[in-house]
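This chain uses plain numbering: 1 for the first residue, then up along the sequence. Worth knowing before you read on, the calculation uses all heavy atoms, side chains too, and leaves out hydrogens, waters and symmetry mates.
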Amino acid sequence: MLTKAIFPSSPIQAIQHNTMALLIFLISLLLSSYLHIAFSAHCTTVTATKTFHKCMTLPTQQASIAWTFHSHNATLDLVFFGTFISPSGWVGWGINPTSPEMTGTRALIAFPDPNSGQIVLLPYILDPTVKLQKNPLISRPLDTRLLSSSAILYGGKMATVHNGATIQIYASLKLVPNKTKIHHVWNRGLYVQGYSPTIHPTTSNDLSSIATIDVQSGSATAQHDNIKTLKTVHGVVNAISWGLILPIGALTARYLRHIQALGPAWFYAHAGMQLFAFFLGTVGFAIGIRLGELSPGVEYGLHRKLGFAAFCLGGLQTLALLFRPKTTNKFRKYWKSYHHFVGYSCVVLGVVNVFQGFEVMGESRSYAKLGYCLGLSTLLGVCIALEVNSWVIFCRKAKEEKLRREGLIGGSDKGSGTHI
């Protein structure tokens, strides 16, 4: 007697249920990760040497700033709170007088003196040659009206620079009368060569450490918040569409189409899931293009190329549905080969680009990535189990067919609902 494959009474419902559970689990981990980042930093107006009127938590690097604006003489007193990421690293803060970008910033950078080990604070001008790394960053006087500046390592004179050490950079400067908006830039690096700070890391957070604030009202422009929101939506949508729904749709076609009891239902489930994934992926792709427009000078070459490749392959798969030959057509086998090759290539590129997206967003060690890895591992485990089950049934059928040809067993039941 033939052994039938054991499946749930409704495989499509089971897959839909597991898909929803995975999506809910992933979204909850993503939200918890971003909430943790959002509330990981705080600001204060009181320091050991001075009290300020206003403060603001900056959106990256757990940094903050406090200030007092004297409107009668357009003088700004401020303190920047930053953290080191290396015992031989540097922390910098500055103002760009023309635009919200790194190039053109007049910066104050603090780091341990290579000779004495004491904290030094030196002025630098970040011209285009520094951004292109053509020349080392050399200290020179600023052309802004800087009245005074100093840097204090949190913990007093006995404190030492280490990974996570907090530093306070104080500055007093004269602003242009009737101009209360300033573009300020901050960042941190791993090491200093002599008295020349080296390039900082190039993660998403490090490249977006720019903000525009009104020192009189204390309000900040919403551009960075909008970009951060778009990045979050871009990451979540693409992880769900390209990284989960698309692979699930591929598994639906591979392991359900041989179940005779389902009839054509497997095809509608497969096509529906792939079209839905491509629609969501198109939304995420469009958001990525918009992010590129809102972030001039910030490029992620590999992530961008993989995204374009996955989107093009997804579009080809969607168009292939319109030109699907009938089963009796002699070109059907060529269409199937094309469909399988392009489909699996799209799935692989989509999953790889999701991991690349975690890297460029600085979430390589986050709960969001852990949640996605758990979801993808679950899919991989299901795939292995179904693949083993398919080969077991295939071997049994081959053995029974051989015995039947030799006349050792009788006929088999028809319509057993097995798959090869």
Do [X] and [Y] touch side chain to side chain, with heavy atoms closer than 4.5 Å?
X	Y	result
Pro197	Tyr124	yes
His183	Ile210	no
Tyr170	Ser149	no
Leu146	Leu108	yes

- Report yes or no: is the cationic atom of Arg324 (NZ for Lys, CZ for Arg) under 6.0 Å from the centre of the six-membered ring of Phe267, at an angle within 45° of the ring normal? yes

- Item | Full working for side-chain contact (heavy atoms from CB on, under 4.5 Å) between Met273 and Ile248 | CA-CA 8 Å; Met273 295 182 73; Ile248 291 174; 3.1 Å; yes

Atom [atom1] of [X] with >12 non-hydrogen neighbours under 6.0 angstrom:
X	atom1	value
His70	NE2	yes
Lys174	NZ	yes
Asn115	CG	yes
Tyr268	OH	no

- Looking only at side chains, do Asn353 and His303 share a donor and an acceptor under 3.5 Å apart? yes

Any donor-acceptor N/O pair, [X] side chain to [Y] backbone, under 3.5 Å:
X	Y	answer
Lys50	Val79	no
Asp214	Ser217	yes
Thr68	His53	yes
Thr44	Val46	yes
Gln317	His339	yes

- Electrostatic pair Arg365-Glu359, nearest N-O below 4.0 angstrom: no

- Ring centres of Tyr338 and Trp335 under 6.0 Å apart? no

- For the ring-ring contact (aromatic ring centres under 6.0 Å, His included) test, which of Phe311, Phe278, Trp242 pairs with Phe285? Phe311

